[in-house]
Structure formats: structure tokens, C-alpha cells
Amino acid sequence: MYIGIDIIETNRISKLLDYEKSLLNIFTKNELDVANKLGAKRKIESLAGKFAAKEATVKALGSGFNEFIQPSDIEILNNENGMPFLILHNRSLEYSKKMNIQEYKISISHNKTTAVAVVVLL
């Protein structure tokens, strides 16, 4: 079992909203499509939570972001009940396979100023 946790101030994400290229380096098209359907305040909170989850994931993988694993290689979506789930792509998926990870668990919480996420890889 591998565990990662991260916390982020939401204003870090609000500063990025004017830079579409930066957003596309961090978030997948699916993540941005979902966020763009939300109101401005909720969009920032949602993206901050997803970013915290991405950071928590690379911590659980024992890697951190680098030239091999990019934030957009980790995708955070929600099921029909709103529960977040994790999809790994590219090198992050390769890392998880080498670590024999079979299951991903994720929890995200946020308020006006901060977002936090915990990821458990089994």
C-alpha cells in the first residue's frame, strides 16, 4: 500500500486560469471540459482539488513530477454520484504497473481557500 497527500491554496489555480497553455499542461481535456461547466468559484475549487490529487498521486508513486511524469498523465474524474476516481496514463501508468498496483482510492476536499487530497494505491 502506498499513500500520498497534498494540500494547495486555491488562489494558485485562479492565477492560472488566464493561461490556457499552462492549464493544458496540467489538466486533461476531460478535466477542463467538466470544470468549464461549473461556475467560476466552483471551477477554481474543483481544479485545485484535482491538482492536489495529482500531487498526492505522484507522492504515492514515489516519483514527483519530472520530465517523465507530467500532471496531465494523471486524470481525475467523477462518477455519476460525484465520487472522484483516478485514471493513469503514460509513465504514471507504467510506474503503477511496475509497483504492482491494482487499485486506486482517492478522496478530495476543498473550501474557499484550500483543497486537499489523499490517494491510496493498493
Got [X] and [Y] here, is their nearest side-chain heavy-atom distance under 4.5 Å?
{"X": "Leu86", "Y": "Leu88", "answer": "yes"}
{"X": "Asn66", "Y": "Ile69", "answer": "yes"}
{"X": "Ser92", "Y": "Leu61", "answer": "yes"}
{"X": "Gln70", "Y": "Phe65", "answer": "no"}
{"X": "Lys43", "Y": "Leu17", "answer": "yes"}
{"X": "Ile101", "Y": "Leu122", "answer": "no"}
{"X": "Val120", "Y": "Met1", "answer": "yes"}
{"X": "Leu47", "Y": "Ile26", "answer": "no"}

Should the heavy atoms of other residues, nucleotides or ligands under 6.0 Å from NZ of Lys105 be counted, would the total exceed 12?
-> no
Atom CE of Met83 with >12 non-hydrogen neighbours under 6.0 angstrom = no
Interatomic distance, [X] atom [atom1] to [Y] atom [atom2] [nearest 0.5 angstrom]:
{"X": "Ser72", "Y": "Asn25", "atom1": "OG", "atom2": "CG", "value": "6.5 Å"}
{"X": "Asp73", "Y": "Tyr95", "atom1": "CG", "atom2": "OH", "value": "11.0 Å"}
{"X": "Asn78", "Y": "Glu31", "atom1": "CG", "atom2": "CD", "value": "9.5 Å"}
{"X": "Phe68", "Y": "Ser63", "atom1": "CZ", "atom2": "OG", "value": "9.5 Å"}
{"X": "Ile106", "Y": "Lys50", "atom1": "CD1", "atom2": "NZ", "value": "8.0 Å"}
{"X": "His110", "Y": "Thr10", "atom1": "NE2", "atom2": "OG1", "value": "10.0 Å"}

Evaluate the side chain to side chain donor-acceptor pair (under 3.5 Å) criterion for residues Glu75 and Asn30: first the C-alpha distance (whole Å), next the side-chain angles of each, then the deciding distance (0.1 Å), finally the verdict.
-> CA-CA 8 Å; Glu75 188 169 32; Asn30 289 334; 3.0 Å; yes
With clusters built from Ile, Leu, Val, Met, Phe, Trp and Tyr whose side-chain heavy atoms come within less than 4.5 Å, directly or transitively, what are the remaining members of the cluster of Leu38, listed by chain and number?
-> none
Grouping ILVMFWY residues whenever side-chain heavy atoms fall under 4.5 Å, the cluster of Leu77 otherwise contains Phe85, Ile87
Of the non-hydrogen atoms in Gly49 and Ala117, which two are nearest, and what is the gap between them?
-> O-CB, 4.2 Å
Can you name the closest pair of heavy atoms from Asp6 and Ala52 and give their distance?
-> CB-O, 3.4 Å
Decide, yes or no, whether a salt bridge links Glu9 with Lys112 under the criterion of side-chain N to carboxylate O below 4.0 Å.
-> no
State plainly whether the residues Asp33 and Lys37 are in salt-bridge range, i.e. N to O under 4.0 Å.
-> no
Using the test side-chain contact (heavy atoms from CB on, under 4.5 Å), find all partners of [X] that sit at least two apart in sequence or belong to another chain.
{"X": "Lys15", "answer": "none"}
{"X": "Ser109", "answer": "Val116"}
{"X": "Glu80", "answer": "none"}

Check whether [X] and [Y] end up in the same hydrophobic cluster, where Ile, Leu, Val, Met, Phe, Trp and Tyr are linked by side-chain heavy atoms less than 4.5 Å apart.
{"X": "Val118", "Y": "Ile76", "answer": "no"}
{"X": "Ile13", "Y": "Leu24", "answer": "yes"}
{"X": "Leu32", "Y": "Ile74", "answer": "no"}
{"X": "Ile8", "Y": "Ile108", "answer": "no"}
{"X": "Ile5", "Y": "Tyr2", "answer": "no"}

How would you list, by chain and number, every residue that makes a salt bridge (charged side-chain N to carboxylate O under 4.0 Å, His left out) with Glu94, sequence neighbours excluded?
-> Arg91
Could you tell me whether the side chain of Thr57 and the main chain of Ala53 form a donor-acceptor pair under 3.5 Å?
-> yes
Short question: side chain of Asn11, backbone of Ser14 - any donor-acceptor pair under 3.5 Å?
-> no
